[in-house]
Amino acid sequence: MLLATVLGGATIILALGSAEAAYKETTVNNGGTITGVVTFKGTPPAPQPIKVNKDKKVCGKTKLFSNAVLVNKNKGLQNAVVRLTDITKGKTRKIETITLDQKGCRFHPHVLIVPTGGMVSVVNDDPLTHNIHTFSFENPQLNQAQPKGSPALTIKTTASETMKVQCDIHKWMGGWVVIAEHPYYALTGTNGKFTLSNVPPGTYTLEVWHESLGIATRSVTVKGKKSVKMSVALPKKD
Ligand SMILES: [Cu+2]
C-alpha cells in the first residue's frame, strides 16, 4: 500500500504493508521443521446442510454441506491457514499458478494459498454460468460472469492478503484465497495436520487462522535440523 503525505511542502511516499519486499530468499542449510495439528475446541457443530435454491438440476445433484467448520473424528480442523508472521528470510519461493475450480457449484479448493506474484486461474467446470466476485483490498478485484465453456479467468496477485471469494449467482458458493508473501504458509488437511519445512533456526510467531473460528498465535522456537511439534485449538478461549 502506498500512502502519500505532504510534509513541509515535499510529498513523501510511504510504502506500508509491503511485507513481500521484506522477505529475503536465502539458502537454508540447517533448517528445522514445525509440524502440528489444529483442533476444534469443544463439541464440533453438526454438518450444516445448504439449501440449494438455484440451478437445482446441476447444483442439487448431491447434498451440499457448509464448509464453515470441517472436523474429523479426532477433532482435527481442516482448512486452517498456519503461517509464520514475522519471518524475514528463508527458503526460496516458488511463484506458481494455482487453479480455483468451480465445480458442482462449489469452489475447489475451498481455501487456496498462492504466492504473491503468482496467479489464480479461475475455471468453470459446470454446465452453467458462475460469477466469481473477489473481495480484495490489496489485489485487483474480479467480478465477472463465466458462462459454461468459458476460458479461465486470471487473477495476478500483487500483495499479501486473505481474500474472500463468492459466486454472485449461487449465494452459498464461498471460498478464500490466501496470498502469501513467503513460503512458510500451510493449510491443514482433513486430519487438521500441517508441516512447515526448512525453517531457519529462530523464534517466530506462529499464527493459525480459520474462516469462522478466528485467529490464535503461539511463539515457536525452531532449532537446526530438529522438528518441533505444535498443537493449537480453536476457537481461542484463553
Ligand atoms: Cu455459481
*asked:* Given 3.5 Å as the limit, does a donor-acceptor pair link the side chain of K91 with the main chain of S197, or not?
replied: yes
*asked:* Side chains of K75 and P44, heavy atoms from C-beta outward: is any pair under 4.5 Å?
replied: yes
*For L142, which of N131, L153, V165 qualifies under side chain to side chain contact (heavy atoms under 4.5 Å, CB included)?*
L153
*Rounded to the nearest 0.5 Å, what's the gap from NZ on K193 to OG1 on T190? Could you check?*
10.0 Å
*Has the side chain of R93 got a donor or acceptor atom that lies under 3.5 Å from a matching backbone atom of T116?*
yes
*asked:* To check you understand the geometry: which heavy-atom pair defines the closest contact between N79 and L70, and what is its length?
replied: ND2-CD1, 3.9 Å
*Go through the steps to decide whether S160 and E181 satisfy the test side-chain hydrogen bond (donor to acceptor under 3.5 Å, both in side chains), and finish with yes or no.*
CA-CA 5 Å; S160 178; E181 74 280 22; 3.0 Å; yes
*asked:* When you compare the side chains of H133 and Q144, does any donor N or O come within less than 3.5 Å of an acceptor on the partner?
replied: no
*What is the minimum heavy-atom distance between N67 and E211, and which atoms define it?*
O-OE2, 4.0 Å
*Any donor-acceptor pair under 3.5 Å linking the side chain of E138 with the backbone of A159?*
no
_Spatial distance of atom CD (Q102) from atom OG1 (T129) [nearest 0.5 Å]_ = 10.5 Å
*asked:* For the backbone of D101 and the side chain of T99, can you confirm whether one donor and one acceptor N or O come within less than 3.5 Å of each other?
replied: no
*Does the pair T39 and N74 meet the rule for a side-chain contact (heavy atoms from CB on, under 4.5 Å), with working shown?*
CA-CA 8 Å; T39 55; N74 301 320; over 6 Å; no
_Expected output: side-chain T188 to main-chain A80 donor-acceptor under 3.5 Å_ = yes
_Is there a path of hydrophobic side-chain contacts, each under 4.5 Å between heavy atoms of I/L/V/M/F/W/Y residues, joining F194 to V71?_
yes
_I want to check something: taking the side chain as every heavy atom from C-beta on, are C59 and K54 in contact at a cut-off of under 4.5 Å?_
no
_OG1 on T88 to CG on D86, rounded to 0.5 Å_ = 8.0 Å
*Min side-chain heavy-atom separation Y185-V81 under 4.5 Å*: yes
_Side chain to side chain, P115 and E96, heavy atoms closer than 4.5 Å_ = yes
_Same cluster or not: V111 versus F135, using hydrophobic residues (I, L, V, M, F, W, Y) connected whenever any side-chain heavy atoms lie under 4.5 Å apart?_
no
*W176 and W209: side-chain contact (heavy atoms from CB on, under 4.5 Å), yes or no, with the steps?*
CA-CA 12 Å; W176 297 87; W209 171 89; 3.6 Å; yes
*asked:* For the NZ atom on K61, are there more than 12 heavy atoms of other groups (residues, nucleotides or ligands in this structure) within a distance under 6.0 Å?
replied: no
*asked:* Would you say M163 ends up clustered with L100 if hydrophobic residues are merged whenever their side chains have heavy atoms under 4.5 Å apart, either directly or through other cluster members?
replied: yes
*Please lay out, stage by stage, how V232 and R218 fare under the test side-chain contact (heavy atoms from CB on, under 4.5 Å).*
CA-CA 8 Å; V232 181; R218 299 278 187 281; 4.0 Å; yes
*Mind running disulfide (SG to SG under 2.5 Å) on C105 and C167 for me, showing each step along the way?*
CA-CA 9 Å; C105 306; C167 171; over 6 Å; no
*asked:* Parallel, tilted or perpendicular, judged at 30° and 60°: which one describes the rings of H170 and W172?
replied: tilted
*Side-chain (T157) to main-chain (G117) donor-acceptor, under 3.5 angstrom*: yes
*Check for a donor-acceptor pair, side chain of D126 on one end and backbone N or O of H130 on the other, with a separation under 3.5 Å.*
no
*Report yes if the side chains of Y184 and Y23 come closer than 4.5 Å at any heavy-atom pair, otherwise no.*
yes
_P47 to P49 - nearest heavy-atom pair and separation_ = O-CD, 3.4 Å
*How many angstroms lie between OG1 in T205 and CD1 in I87, if you round to the nearest 0.5 Å?*
11.0 Å
_Nearest 0.5 angstrom please: N198 CG to K225 NZ, how far?_
8.0 Å
_Sub-4.5 Å side-chain heavy-atom contact between T35 and S227_ = yes
*Who are the side chain to side chain donor-acceptor pair (under 3.5 Å) partners of T62, not counting sequence neighbours?*
none
*Distance in Å, E207 CD paired with T217 OG1, rounded so as to fall on 0.5 Å steps*: 7.5 Å
*Search all heavy atoms of S121 against all heavy atoms of T97 and return the closest pair with its distance.*
CB-CG2, 3.8 Å
*Distance-only, no hydrogens or angles: does the H110 side chain make a donor-acceptor pair with backbone N or O of G174 under 3.5 Å?*
yes
*Result of checking L196, T85, V222 against L206 for side chain to side chain contact (heavy atoms under 4.5 Å, CB included)*: L196
*Is there a donor-acceptor contact under 3.5 Å linking the side chains of S150 and N124?*
no
_Set out, in order, the CA-CA distance, both residues' side-chain angles and the distance that settles side-chain contact (heavy atoms from CB on, under 4.5 Å) for T134 and K164, then state yes or no._
CA-CA 6 Å; T134 68; K164 173 108 178 83; over 6 Å; no
*Kindly give the heavy-atom pair with the smallest separation between V28 and G90, and that separation in Å.*
CG2-C, 3.6 Å
*For residues T203 and S219, report the shortest heavy-atom separation together with the two atoms involved.*
CG2-OG, 3.5 Å
*If we ignore angles and hydrogens, is there a donor and acceptor under 3.5 Å between the side chains of Q166 and D168?*
yes
*When you measure from the side chain of D125 to the backbone N and O of K103, does any donor-acceptor pair fall under 3.5 Å?*
no
_Quick check: is V82 connected to V220 through a chain of hydrophobic side chains (ILVMFWY, heavy atoms under 4.5 Å apart)?_
yes
_Is there a path of hydrophobic side-chain contacts, each under 4.5 Å between heavy atoms of I/L/V/M/F/W/Y residues, joining V58 to L64?_
no
*Would you find a donor on one side and an acceptor on the other, under 3.5 Å apart, between the side chain of N191 and the backbone of G76?*
no
*Could you tell me whether the side chain of V177 reaches within less than 4.5 Å of the side chain of I98, counting heavy atoms only?*
no
*Any side-chain heavy atom of V38 within less than 4.5 Å of one from H210?*
no
